[in-house]
Every structure is written in structure tokens, then in C-alpha cells.
J.: 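Input: one structure, supplied below.
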Amino acid sequence: MVQEYRKYQNGRGVPARLALFVVRALRREWHAMVVAPLRQLARRGLSGLVLAFVAAFGVILFHAIAQHPGGETAVRALGGVQGDLPLWLALLRTPVSLYVPALDLPVWAGITQLFLAFALAELTLGRGRTLFISYATTLAGTLTVRVMLAIGPGRWGLGLPPEIGHVLDTGPSAAVVGLFTYLSVVRRAPVVFFLTGGSMVAESVVRPNLAGREHWR
């Protein structure tokens with residue numbers, strides 16, 4: 001009877017220990033990703049959100065300008081990046097392309113994600129690393145499209161057809177993905193990491209367009 005009771009208790013203990021582990025992991029992740037940045041915000045005030053406000057207002061400004069015919073032309077000339085542009089011109093426009101809203105994504109939802117990503121990154125990593133990661137990931141997206149175009153369609157599931165080179169490739173989504181991914185690694189937040197990566201894979205399956213393929217790669 002005693003041995004059977006111990007087996008029963010051990011059987012009950014496995015799910016309980018697993019649940020306790022998950023709760024503790026989520027608590028640590030919540031503290032690392034939310035509580036710690038909020039404490040930094042309380043100490044630094046709004047000065048800790050400079051990059052977040054600049055990024056959000058930049059997207060709003062370019063979106064407002066692009067609503068007019070002449071403004072749309074100016075926005076494309078400043079930050080319009082396409083795969084068939086000369087490389088030097090694409091590199092010159094890439095920093096501005098972060099603020100140019102993507103054509104097929106809702107602007108206000110994107111601004112919310114952008115503000116949150118830059119706010120958490122600036123409070124956690126500082127301005128220098130936040131700027132470096134956001135630009136590096138945006139640049140990586142721009143160059144990845146060129147690599148996929150060079151591979152061509154039908155090769156290993158990586159290539160893109162030549163007509164994709166005419167599609168406008170702008171928006172802050174690459175920077176947002178890069179910041180959340182980097183934050184999840186340095187703050188040891190596996191849930192955020194897998195949610196970010198999983199959402200990108202799901203996007204590439206549900207929407208196999210340029211943005212979906214680029215985010216997944």
C-alpha cells in the first residue's frame with residue numbers, strides 16, 4: 001500500500017512540478033521583459049523613450065506625406081527601396097525606408113509594435129545598441145531580398161521571381177523583429193523568442209509575399 005501511494009504521489013507530482021516550472025519561467029520572463037524596463041522608465045522618465053517617439057512619429061509623418069500625390073513621389077525618392085534598384089541607391093535609402101510604411105500592413109498597428117519594440121530596447125539596451133540592431137536588421141532585410149532574387153524562383157524554396165524586384169520593400173517590421181529577437185536572447189526570454197520566430201514562420205506560410213519571406217529569413 002505504501003509503495004502504491006508513493007507511486008500515486010509521484011505521478012501527481014510530475015504535472016505539478018512542470019506547472020511550477022512554467023509559472024516560474026513566465027514570472028522571470030515578465031520581470032526581465034516588462035518590470036525591469038518599467039523601472040528604468042521610472043528612473044529616466046520620458047528621456048528613456050526618445051528613440052521610440054522618434055521612430056513612431058517618423059512613420060506617422062511619412063504616412064501623412066504619402067497621402068498626397070506629390071508627397072508620395074517624394075517619400076519614394078527618399079526611402080523607397082526595391083530589389084531592382086542599384087545597390088548604392090538602395091543602401092542610401094535604407095535608413096529612411098524604416099520610416100516609410102509598408103504598403104500591405106496596417107499603419108497604426110505597425111506603429112504600436114514599433115513604439116513598443118524601440119521603447120523596450122532603448123530602456124534595456126541603451127540607444128547605441130538599439131540604433132545598431134534596428135539598422136542592421138533593416139539592412140539585412142534589404143540585402144536578403146537581393147540574394148533571393150539572385151537565386152531565382154524554384155530553388156530550395158529560397159529564390160524569388162524577377163518581378164518581385166519591382167515591389168516596394170519598406171517599413172519598420174524588420175527592425176521590430178530584430179529588436180524583439182535580440183531582446184529575447186539577451187534577457188533570456190524563450191517565450192518571446194519562440195513567439196517572435198513562430199509568428200514570422202506563420203506569416204511566411206499564410207502570406208507568402210515579399211514581407212513574409214523576408215521576415216522568415
J.: Would you say the ring centers of Phe53 and Phe118 fall short of 6.0 Å from each other?
T.: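 When the ring centroids of Phe53 and Phe118 are compared, they turn out to be at least 6.0 Å apart.
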J.: What is the minimum heavy-atom distance between Ala36 and Arg187, and which atoms define it?
T.: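 Distance-wise, the nearest heavy atoms are CB-NH2, 3.6 Å.
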J.: Write down the atom of Arg76, the atom of Gln82, and the distance for their closest heavy-atom approach.
T.: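 Here Arg76 and Gln82 meet closest at NH1-OE1, 3.6 Å.
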J.: Would you say that Arg93 contacts Leu78 through its side chain, given a criterion of any heavy-atom pair below 4.5 Å between the two side chains?
T.: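 No - every pair of side-chain heavy atoms lies 4.5 Å or more apart.
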J.: Is there side-chain contact between Gln40 and Thr124, with heavy atoms separated by less than 4.5 Å?
T.: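 No, too far: nothing below the 4.5 Å cut-off.
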J.: Identify the heavy atoms of Ala90 and Val81 that sit nearest to each other, and give their distance.
T.: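 Ala90 and Val81 have their closest heavy atoms at O-CG2, 4.1 Å.
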J.: Taking it one step at a time, do Leu139 and Tyr135 satisfy side-chain contact (heavy atoms from CB on, under 4.5 Å)?
T.: CA-CA 6 Å; Leu139 179 61; Tyr135 176 71; 4.1 Å; yes
J.: Do His68 and Glu72 have side-chain N/O donor and acceptor atoms under 3.5 Å apart?
T.: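 Side-chain D/A pair, His68 to Glu72: absent.
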J.: Indicate yes or no: at least one non-hydrogen side-chain atom of Val35 is less than 4.5 angstrom from one of Trp30.
T.: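 Yes, close enough: below the 4.5 Å cut-off.
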J.: Can you find a pair of side-chain heavy atoms, one from Val145 and one from Val167, that are under 4.5 Å apart?
T.: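 No, too far: nothing below the 4.5 Å cut-off.
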J.: Testing the basics here: between Leu149 and Pro161, what is the closest heavy-atom pair and its distance to 0.1 Å?
T.: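 Closest pair (atom of Leu149, atom of Pro161, distance): CD2-O, 3.2 Å.
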J.: With Leu179, which of Leu114, Leu116, Thr130 fulfils side chain to side chain contact (heavy atoms under 4.5 Å, CB included)?
T.: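 Going through Leu114, Leu116, Thr130 one by one, the side chain to side chain contact (heavy atoms under 4.5 Å, CB included) with Leu179 is satisfied by Thr130 alone.
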J.: Do Asp169 and Ser97 touch side chain to side chain, with heavy atoms closer than 4.5 Å?
T.: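 No, too far: nothing below the 4.5 Å cut-off.
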